[in-house]
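Comments concern the structure below.
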Amino acid sequence: MSVSLKEALEIGTYIVSQRMKGRKRFPLVLMLEPLFRCNLACTGCGKIQHPPEILRQNLTPEDCFAAVEECGAPVVSIPGGEPLLHPQMDEIVAGLIARRKYIYLCTNGILLERNLHKFKPSPYFSFMVHLDGLREHHDHCVDREGVFDVAVNAIKAAKSKGFRVNTNTTVFEGANPQEMHQFFDFVTSLGVDGMTISPGYSYEWAPDQDHFLKREQTRALFRQILSPLQTGQKKWNFNHNPLFLDFLTGEKDYECTPWGSPSYSVLGWQKPCYLLNEGHYKSFQELLDQTNWDDYGRASGNPKCQDCMVHCGYEPTAAVDALQPNNMGRAVAGLFG
């Protein structure tokens with residue numbers, strides 16, 4: 001299984017406890033960005049478009065621990081930028097493991113193999129390696145030849161040393177379903193612990209604005225991409241709640257819960273979510289209390305939200321829905337493939 005039974009039980013217990021306390025809005029995954037610098041310039045990402053004085057900054061380990069404790073989310077995703085460029089990333093990870101957080105360190109894989117010695121395998125820790133497809137497609141997406149092979153070798157090295165490894169794939173307009181099937185087969189052959197997939201969303205600063213999916217395009221494409229899984233022809237191991245996959249194919253219709261995946265960086269707590277850059281707050285409580293959440297999500301009519309179906313907005317919704325009695329069987333079955 002991709003998500004361990006222990007992790008699933010702890011997250012489920014956390015959700016129940018928040019609901020019993022009467023909390024309507026609570027975080028599940030903290031998107032912790034210790035830096036924005038990267039050693040790639042992917043056309044679908046706008047993070048490195050920040051000015052040089054911002055790109056030079058790092059969060060300290062103490063900054064990271066304070067944000068994690070303030071937020072209280074059981075899961076911490078560490079995107080970027082490229083986290084392995086941070087000189088104290090091993091210290092940050094060790095501190096989060098000590099706090100019993102489930103950590104997903106997102107990396108393009110270029111620096112992974114040479115940095116493995118700095119980390120220790122743990123059931124609380126997974127590397128999340130970016131792969132958008134097979135060699136030619138992935139290298140095109142990251143705008144550099146050879147990155148696919150480096151990342152694959154790093155995955156093999158990490159698995160050989162006992163680390164949990166997942167892959168992270170963004171699907172853009174024009175993706176070929178048959179090629180995606182071949183890609184999933186290949187990644188499965190590497191022995192990864194799970195695969196994460198999500199439709200691309202149009203970052204305002206992303207250099208390429210021409211290949212992001214509209215909502216109906218997303219549903220049609222993901223129905224084709226996930227068909228072998230849903231018909232039982234394939235047993236691909238996705239690191240997702242199966243209800244989120246149902247949402248991607250149009251079998252479920254959810255509203256976004258942007259507070260479920262808050263984002264903290266060198267700039268503070270990002271308003272309103274990881275994908276929209278509309279300012280920052282100094283504290284997580286300010287983000288919760290001062291954001292007019294009715295202005296966001298598809299039901300709001302906000303044009304920026306109409307086509308978004310990204311996991312950071314909708315997987316928290318699916319996680320809460322999974323605890324409904326009529327959904328628990330499917331959610332539990334998803335843990336065991």
Side-chain angles (χ1 to χ4, degrees), residues 1-3 7-8 11-12 14-16 18-19 24-29 31 75 77 166 168-173 175 177 180-181 184 194-202 212-261 272-276 293-294 296-302 304-337:
M1 68 184 75
S2 52
V3 176
E7 180 178 351
I11 293 173
Y14 167 82
I15 294 173
V16 170
Q18 297 298 304
R19 298 298 291 268
K24 179 181 178 181
R25 299 186 180 102
F26 52 87
L28 279 177
V29 180
M31 311 289 282
V75 180
S77 176
N166 292 273
N168 178 34
T169 301
T170 303
V171 179
F172 294 97
E173 181 187 25
M180 294 303 299
H181 299 162
F184 295 151
M195 299 180 289
T196 299
I197 56 172
S198 189
Y201 176 77
S202 55
F212 292 108
L213 292 162
K214 304 298 184 183
R215 180 168 288 248
E216 289 308 316
Q217 285 180 302
T218 296
R219 289 173 170 169
L221 181 57
F222 274 82
R223 280 195 290 270
Q224 296 180 69
I225 289 174
L226 296 176
S227 176
L229 177 73
Q230 295 177 328
T231 58
Q233 298 175 52
K234 296 288 185 179
K235 297 294 184 182
W236 297 318
N237 197 14
F238 288 106
N239 193 43
H240 290 293
N241 183 322
L243 299 179
F244 173 70
L245 299 181
D246 290 346
F247 165 71
L248 291 179
T249 61
E251 295 175 48
K252 286 279 188 179
D253 190 15
Y254 288 136
E255 273 300 316
C256 176
T257 49
W259 54 83
S261 296
C273 70
Y274 179 68
L275 297 170
L276 296 181
W293 297 108
D294 291 337
Y296 303 99
R298 190 162 184 250
S300 71
N302 188 329
K304 294 181 179 180
C305 301
Q306 295 310 295
D307 292 313
C308 179
M309 297 180 71
V310 180
H311 63 92
C312 60
Y314 289 93
E315 191 127 36
T317 317
V320 173
D321 192 35
L323 294 181
Q324 295 296 319
N326 59 320
N327 290 327
M328 290 184 69
R330 176 153 169 71
V332 171
L335 291 172
F336 300 98

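- Residues V171 and M180 form a side-chain contact, since some pair of their non-hydrogen atoms from C-beta on lies under 4.5 Å apart.
- The shortest distance between side-chain heavy atoms of T170 and I197 does not fall below 4.5 Å.
- Under a 4.0 Å N-O distance rule, the pair R298/D307 does not qualify as a salt bridge.
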Evaluation steps, side-chain contact (heavy atoms from CB on, under 4.5 Å), between F184 and K234
CA-CA 10 Å; F184 295 151; K234 296 288 185 179; over 6 Å; no
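- The aromatic rings of F244 and H240 are tilted relative to each other, their planes meeting at an angle between 30° and 60°.
- Ring-plane geometry between F247 and Y314 is classed as parallel, the angle between the planes falling under 30 degrees on a 0 to 90 degree scale with a further cut at 60.
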side-chain contact (heavy atoms from CB on, under 4.5 Å) between F222 and M309, worked out:
CA-CA 11 Å; F222 274 82; M309 297 180 71; over 6 Å; no
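- With N239 contributing its side chain and T196 its backbone, the two residues share no donor-acceptor pair below 3.5 Å.
- Taking 4.5 Å as the limit, some side-chain heavy atom of P27 sits within range of a side-chain heavy atom of Y14.
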Do C305 and L276 pass the side-chain contact (heavy atoms from CB on, under 4.5 Å) test, and can you show the C-alpha distance, the side-chain angles, and the key distance before you say yes or no?
CA-CA 9 Å; C305 301; L276 296 181; 4.2 Å; yes
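- Two residues are said to be in side-chain contact when any heavy atoms from C-beta on lie closer than 4.5 Å; L221 and P177 meet this criterion.
- Listed for the T317 side chain is no donor-acceptor partner under 3.5 Å among the backbone atoms of C256.
- Nearest heavy-atom pair across A318 and N241 is O-ND2, 3.3 Å.
- Scanning all heavy atoms of the two residues, the minimum distance from L323 to G12 falls at CD1-O, 3.9 Å.
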Kindly determine whether Q230 and R223 satisfy side-chain contact (heavy atoms from CB on, under 4.5 Å), including the steps that lead there.
CA-CA 9 Å; Q230 295 177 328; R223 280 195 290 270; 5.6 Å; no
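- Of the possible polar contacts, one joining the R215 side chain to the Q306 backbone as a donor-acceptor pair under 3.5 Å is found.
- Between V320 and R19, some side-chain heavy-atom pair lies under the 4.5 Å cut-off.
- A donor-acceptor distance shorter than 3.5 angstrom exists from the side chain of T249 to the backbone of D246, with no hydrogens or angles considered.
- A donor-acceptor contact shorter than 3.5 Å is absent between the side chain of T257 and the backbone of W259.
- Distance alone, capped at 3.5 Å, is enough to place a donor-acceptor pair between the S261 side chain and the C312 backbone.
- For the pair H181 (side chain) and P228 (backbone), a donor-acceptor distance under 3.5 Å is absent.
- Within the 4.5 Å cutoff, no side-chain heavy atoms of L28 are placed close to those of V75.
- The closest donor-acceptor contact from the side chain of N327 to the backbone of D321 lies under 3.5 Å.
- Here the closest non-hydrogen pair linking P272 and P258 is O-CB, 4.1 Å.
- Side-chain contact check for L248 versus I225: every heavy-atom pair is 4.5 Å or farther apart.
- By the 4.5 Å heavy-atom criterion applied to side chains, K214 and T218 are not counted as neighbours.
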